[in-house]
Protein chains: 2
Amino acid sequence: MARAAGVSRSTVSRVINEEPYVSAKARDAVHQAILDLGYSPNQAARTLAGNRANAIALVVSEQGSRVLSDPFFAGVLRGVHAELSGRRVQLVLMMTQQDDEQDIVGYLAGGHVDGVLMVSLHGQDPLPLKLADAGVPIVVGGRPLVGDGIQYVDSDNFNGALEAARYLVATGRRRIATIAGPKDMAVGMDRLNGWRRGMAEAGQPSDLVAHSTVFTPDGGAAAMEDLLSREPELDAVFVAADIMAMGALRVLHAQNRRIPRDVAVVGFDDLMIASTALPPLTTVRQDVEQLGRTMTWCLLGQLDGEEGLPPSLLLPTSLVIRASA
Amino acid sequence: MARAAGVSRSTVSRVINEEPYVSAKARDAVHQAILDLGYSPNQAARTLAGNRANAIALVVSEQGSRVLSDPFFAGVLRGVHAELSGRRVQLVLMMTQQDDEQDIVGYLAGGHVDGVLMVSLHGQDPLPLKLADAGVPIVVGGRPLVGDGIQYVDSDNFNGALEAARYLVATGRRRIATIAGPKDMAVGMDRLNGWRRGMAEAGQPSDLVAHSTVFTPDGGAAAMEDLLSREPELDAVFVAADIMAMGALRVLHAQNRRIPRDVAVVGFDDLMIASTALPPLTTVRQDVEQLGRTMTWCLLGQLDGEEGLPPSLLLPTSLVIRASA
DNA sequence: TCGGCACCTGGGAGCGCTCCCAGACTCGCT
DNA sequence: AGCGAGTCTGGGAGCGCTCCCAGGTGCCGA
């Protein structure tokens with residue numbers, strides 16, 4: 001390669017790394033040689049010689065099975081990739097199981113990657129903290145429940161839920177329930193607290209809460225049945241995830257409640273299924289792709305040693321009004 | 001590391017690579033030192049010295065955006081990861097755009113990864129062929145329309161569709177339509193041809209075909225409307241994807257057709273939405289996770305130089321009978 | 001004229017492994 | 001005793017880069 005361009009290895013290296021102090025002639029010669037030879041620098045050698053891996057890991061905690069099918073994860077992945085494209089940084093995908101956690105920490109702290117993005121659905125996961133302690137740059141998607149110093153990016157679940165609650169109040173609903181997510185997930189609690197605030201603002205009771213332990217249609221259905229048995233007169237329900245709202249809609253249909261006339265339904269996430277539901281679901285939109293982009297942007301900033309990065313970020317949500325409320 | 005174990009670098013290397021000709025004493029000493037030091041071998045150095053990258057790429061062609069949200073992709077990813085776990089092989093995720101194809105070929109052929117798994121939704125993609133020509137081991141998920149020598153793994157779309165057609169015939173349907181996928185995707189054509197065979201077997205006409213150019217609910221809805229206008233008397237429809245079946249169901253409901261009494265509906269894929277649809281959808285199940293596992297298994301086999309690998313594989317499908325047919 | 005500086009270039013060292021060769025030691029056989 | 005085959009070990013070379021130092025050149029101001 002160096003021979004083909006008629007320069008030294010050093011000069012080739014300088015051109016590739018866009019360093020200063022290279023003459024235009026040398027630069028052109030190298031570029032031409034790159035094209036002629038279809039040359040692509042050996043990443044392993046670069047990693048070994050420099051001490052930078054030119055790669056970041058996207059770590060998915062919990063059994064990958066559940067997480068991967070989640071549209072949330074897909075969106076994040078899309079955003080991460082979009083932000084990475086153009087930079088010479090590879091994305092390595094890793095999934096953790098319970099038992100190999102120590103291996104994972106060893107691997108990630110061992111210089112194989114420059115930094116870690118982590119999507120941690122249940123907030124108690126100790127991995128982010130361990131990695132941060134080991135000095136690995138890390139950004140978490142979704143607010144972790146433990147670990148203070150860790151940089152995270154999340155959607156503004158609290159205000160999204162608050163906005164949904166206000167909307168239901170503003171449209172005249174008098175008996176508003178909520179189907180909340182699991183108590184050990186920040187996303188579940190934040191949305192519940194937003195709804196509570198909305199109820200409090202309006203002077204309405206916030207007793208009609210049903211928790212589902214999982215974000216699934218069946219979980220939503222069970223919670224909806226519970227709510228209806230406790231309060232047959234309820235006229236609105238804020239469901240903390242579209243996927244649970246599907247189950248809630250099924251139960252409401254089965255009990256012949258008209259939507260939105262008898263019961264208004266608001267979801268959260270704005271998945272594709274929200275717009276194809278019957279009736280199309282009014283929901284709080286979160287931009288998960290932007291979440292992925294922002295996480296990546298934060299991590300790359302850390303790696304570049306940028307100062308004054310915000311410790312954490314919340315991304316705005318917006319209410320999408322369709323037919324169900 | 002070698003010093004800590006009291007042996008030479010060579011011996012450490014032999015232990016790590018599980019080579020023969022190491023005494024039990026030396027092996028134990030090395031293992032102990034690994035634990036004590038939390039040692040994790042430097043991948044870059046291994047890659048550089050051996051000439052094996054210890055990584056495979058999962059390449060997603062087309063704009064990643066569409067593909068990533070696809071449950072198909074998520075399932076494959078899950079399977080790939082499951083099959084990889086335990087082996088010391090990293091998974092690198094890449095997405096291609098139109099313009100950087102040459103870069104991608106250069107990168108993938110440049111020894112940065114040992115092999116390539118590719119999920120190519122539209123079958124005309126030239127990338128698999130180029131990579132195969134460049135001598136890169138490659139396995140494609142989903143039958144490619146071009147490129148003969150390329151190893152692929154796919155669900156048995158033809159027989160799945162055939163089984164669906166036979167089932168509709170066997171349950172007494174007399175006027176059976178189909179909503180087919182795009183003509184430039186193997187998955188679309190294979191399912192259509194399976195349905196055709198089923199019609200031919202039963203001596204029924206196979207004229208009621210509507211193509212959708214995209215696998216979306218709206219595409220399915222438009223096709224359903226087309227079919228109903230051409231043949232108001234139709235009493236069954238085989239929809240080549242659950243996601244399109246959602247749209248078809250919407251149209252049928254809107255026209256007050258009872259399902260399954262007036263019109264039987266059979267989908268394909270068995271996504272989660274199939275079981276939560278109204279009514280729950282009878283559909284042809286394909287095991288996409290198994291698809292991912294099998295792809296990986298084939299690629300690793302190629303890399304290990306195993307002989308007699310089948311050129312390609314079809315995975316069985318099965319009819320899941322629910323309420324819609 | 002001479003130093004000083006900014007610009008540009010080449011070559012040595014070394015990143016942490018794997019591969020390969022040379023050798024040591026132990027058998028069991030002739 | 002002698003020999004070869006099988007078992008085990010260490011060290012040299014080298015993978016393809018980056019980093020750093022030692023120069024070279026040209027131009028400016030003193």
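Naming convention: chains lettered A, B, ... in sequence-line order (proteins, then strands); numbering from 1 in each chain. Reckoned from all heavy atoms, side chains included, excluding hydrogens, waters and symmetry mates.
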Members of residues 9-23 of chain A that approach DNA chain C, where some heavy atom sits under 4.0 Å away: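 Those residues whose heavy atoms fall under 4.0 Å from DNA chain C, taken from residues 9-23 of chain A in numerical order, are A:Arg9, A:Ser10, A:Thr11, A:Arg14, A:Tyr21, A:Val22, A:Ser23.
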My understanding is that only residues two or more places apart in sequence, or in another chain, count here; which of them pass side chain to side chain contact (heavy atoms under 4.5 Å, CB included) with A:Thr317?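 Only A:Ser155, A:Phe268, A:Val284, A:Gln286 meet the side chain to side chain contact (heavy atoms under 4.5 Å, CB included) criterion with A:Thr317.
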Less than 4.5 Å apart, side chain to side chain, heavy atoms only: is that true for [X] and [Y]?
| X | Y | value |
| --- | --- | --- |
| A:Met94 | A:Leu108 | yes |
| B:Phe215 | B:Val187 | yes |
| A:Leu93 | A:Met95 | yes |
| B:Asn54 | B:Gln43 | yes |

Who are the salt bridge (Lys or Arg N to Asp or Glu O under 4.0 Å) partners of B:Arg14, not counting sequence neighbours?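 With sequence neighbours excluded, B:Arg14 shows a salt bridge (Lys or Arg N to Asp or Glu O under 4.0 Å) to no residue whatsoever.
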Salt bridge (Lys or Arg N to Asp or Glu O under 4.0 Å) partners for A:Arg46, two or more places apart: none
Under 4.0 Å, heavy atoms only, any strand: does B:Arg27 hit a base, just the sugar-phosphate, or nothing?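 It contacts nothing in the nucleic acid.
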Categorize B:Ala44 for me: base, sugar-phosphate, or nothing, with a 4.0 angstrom heavy-atom threshold over every strand shown.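 No contact.
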With axes from five pairs an end, tell me the bend angle of the helix from C:dT1-D:dA30 to C:dT30-D:dA1, nearest 10°.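 That helix has its two terminal axes inclined by roughly 50°.
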Any donor and acceptor pair, going by atom type alone, linking the side chain of A:Gln151 with main-chain N or O of A:Pro310 inside 3.5 Å? yes
Boundaries of the DNA chain C segment in contact with chain B, non-hydrogen, under 4.0 Å: C:dG16 to C:dC19
With DNA chain D as reference, determine whether A:Asn51 or A:Ala45 sits nearer its 5' end, using the nearest nucleotide of each.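 Of the two residues, A:Ala45 wins.
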Go through the side-chain N and O atoms of A:Asp28 and A:Gln32 and say whether any donor and acceptor fall under 3.5 Å apart.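 No, no side-chain donor-acceptor pair sits under 3.5 Å.
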Within the 3.5 Å criterion, strictly below it, is a donor on B:Ser40 or A:His112 matched to an acceptor on the partner's side chain? yes
Which residue lies toward the 5' end of DNA chain C, B:Tyr39 or A:Ser8, if each is placed at its nearest nucleotide? A:Ser8
